[in-house]
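Just below is one structure, and these are the notes that go with it.
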Amino acid sequence: MVTQLSISTGAGVFDAIAAGPPDGRPVLLLHGFPQTGLAWRRQIEALAAHGYRVVAPDQRGYSPGARPQRPEDYRISHLVDDVVAITEELGWAAFDLVGHDWGGAVAWWTAHAHPGRVRTLTVVSTPHPGALATALRTDQDQRKRSHYMIDWRETPATEERMLAHDARELRDFYAVKVPQDSADAYVRHLSQPGALTAALNWYRAGRPERAIGVIDVPTLYVWSTDDSAFGPAAAQETERWVNGPYRFETLQGVSHWVPEEAPETLSRLLLDHLRAHGEY
């Protein structure tokens, strides 16, 4: 049974959904833009059915109780600190970490900064930040794919445009790849006063304060060929940034919305990865 949680930290109160036995092996799932922890509901069900304790928080800005106004409050160091604070409040000394889209970026940074706490890492769609930086320098295709970020960072009226006409532009992101009830829930959530601005502040926060290095924990990276945001150059480059055991899986014909478009496949890969690494 999936339950609602409120997780109090020094940065605010994070809403979350959770399932699985309280004493199960802990797994934290981080969503991306423009979604919430609901994006992981199929994986939550699958992991909980196998005895894992799974928590998917609505991250900074997405939780009303943790929604600072300044863009600089969404720098990657703060987002990593949120992961640490949430897991400490849950009483997890070590945990398996999973992220998609922006949640994937936070997961990469967290695994690099806290390898002693992250038992395994699974990232969906998002390449290692170092690999993405390399692709942005060397690959014209990736530069074209990432151009939207410049618009979102520099255009103050982006959120107004996205929410106009019954949030037509925001709804277009999900196309037909995300279940309609989930898309409706995301639009309702991000239509709350200040919510979409907070979500866009992830893009407006500025560059990370320091460079990220290689990852030492066991890592599963899942990329899909029809991902509009991340191309093959960055995906293939990611292997160079992982020193620990590494598995790269490519999903043919699947879009960016992997957790919801290919839930059974992703859940199977995730379970395989968790079983292969990190005794509990």
Side-chain angles (χ1 to χ4, degrees), residues 15-17 29-44 56-71 73-74 79 99-106 124-126 132 136 141-206 223-231 234 251 253-263 266:
D15 300 329
I17 53 177
L29 305 174
L30 304 177
H31 69 85
F33 178 89
Q35 299 181 288
T36 66
L38 179 66
W40 296 108
R41 63 179 176 179
R42 297 288 296 275
Q43 288 72 44
I44 291 172
D58 293 347
Q59 295 198 78
R60 177 177 291 231
Y62 294 84
S63 285
R67 186 175 288 164
Q69 296 183 358
R70 303 182 308 167
D73 289 326
Y74 294 83
L79 305 175
H100 172 249
D101 188 81
W102 257 113
V106 176
V124 184
S125 301
T126 315
L132 180 58
L136 287 170
D141 173 65
Q142 185 58 58
R143 286 196 291 271
K144 289 180 180 178
R145 291 172 186 259
S146 297
H147 187 75
Y148 69 92
M149 296 185 190
I150 298 174
D151 175 51
W152 293 358
R153 284 197 301 264
E154 298 180 356
T155 307
T158 297
E159 44 266 66
E160 296 178 16
R161 188 184 72 233
M162 287 184 179
L163 293 176
H165 308 293
D166 190 31
R168 182 171 61 198
E169 183 173 322
L170 184 58
R171 292 180 186 277
D172 285 346
F173 288 126
Y174 313 116
V176 295
K177 307 300 183 181
V178 172
Q180 188 62 51
D181 61 335
S182 295
D184 290 341
Y186 301 145
V187 169
R188 286 194 302 271
H189 192 93
L190 291 169
S191 296
Q192 298 171 2
L196 185 55
T197 295
L200 288 167
N201 278 342
W202 286 53
Y203 296 91
R204 297 165 176 166
W223 175 75
S224 49
T225 59
D226 289 3
D227 192 314
S228 59
F230 303 114
L251 306 186
V254 177
S255 76
H256 180 73
W257 311 107
V258 177
E260 291 163 306
E261 187 179 350
L266 180 57

Note, Thr36 side chain near Ser63 side chain (heavy atom, < 4.5 Å):
no
Just so I know, are the side chains of Leu200 and Pro34 near enough to count as touching, which here means a heavy-atom distance under 4.5 Å?
no
Can you classify the ring geometry of Tyr174 versus Trp257 as parallel (below 30°), tilted (30 to 60°) or perpendicular (above 60°)?
tilted
Trp223 meets the ring pair (Phe, Tyr, Trp, His ring centres under 6.0 Å) criterion, sequence neighbours left out, with none
Residues Asp141 and Arg145 bridged, charged N to O under 4.0 Å:
yes
Nearest 0.5 Å, please: how far is CG in Asp172 from CE in Met162?
11.0 Å
Please evaluate residues His189 and Leu38 with respect to the criterion side-chain contact (heavy atoms from CB on, under 4.5 Å), reporting the C-alpha separation (whole Å), side-chain torsions for both, the decisive distance (0.1 Å), and the verdict.
CA-CA 11 Å; His189 192 93; Leu38 179 66; over 6 Å; no
When rounded to the nearest 0.5 angstrom, what distance separates CZ in Arg204 from OG1 in Thr158?
5.0 Å
Has the side chain of Ser224 got a donor or acceptor atom that lies under 3.5 Å from a matching backbone atom of Leu251?
no
Answer yes or no: is there a side-chain heavy-atom contact under 4.5 Å between Pro68 and Arg60?
yes
Looking at Tyr62, Tyr203, Phe33, which one forms a ring-ring contact (aromatic ring centres under 6.0 Å, His included) with Trp102?
Tyr203
d(Thr197 OG1, Asn201 CG) to nearest 0.5 Å is 6.5 Å
Go through His100 and His256 one step at a time and tell me if the side-chain contact (heavy atoms from CB on, under 4.5 Å) criterion holds.
CA-CA 9 Å; His100 172 249; His256 180 73; 3.8 Å; yes
Donor-acceptor pair, side chain of Glu159 and main chain of Leu196, under 3.5 angstrom
no
Do Trp202 and Gln59 have side chains that get closer than 4.5 Å, going by heavy atoms?
yes
Going through the distances and angles, do Arg171 and Gln180 end up as a side-chain contact (heavy atoms from CB on, under 4.5 Å)?
CA-CA 10 Å; Arg171 292 180 186 277; Gln180 188 62 51; 4.1 Å; yes
Are the side chains of Asp101 and Ser125 in touch, meaning some heavy atoms are under 4.5 Å apart?
no
Distance from Leu190 atom CG to Leu163 atom CG, nearest 0.5 Å?
7.5 Å
Output yes when Asp226 and Lys177 qualify as a salt bridge under the 4.0 Å nitrogen-oxygen rule, no when they do not.
no
Checking Phe173 now: which residues fulfil ring pair (Phe, Tyr, Trp, His ring centres under 6.0 Å) with it, not counting sequence neighbours?
Trp152
Report the C-alpha distance between Asp73 and Gln69 in whole Å, list the side-chain angles of each, state the deciding distance to 0.1 Å, and finish with yes or no for side-chain contact (heavy atoms from CB on, under 4.5 Å).
CA-CA 7 Å; Asp73 289 326; Gln69 296 183 358; over 6 Å; no
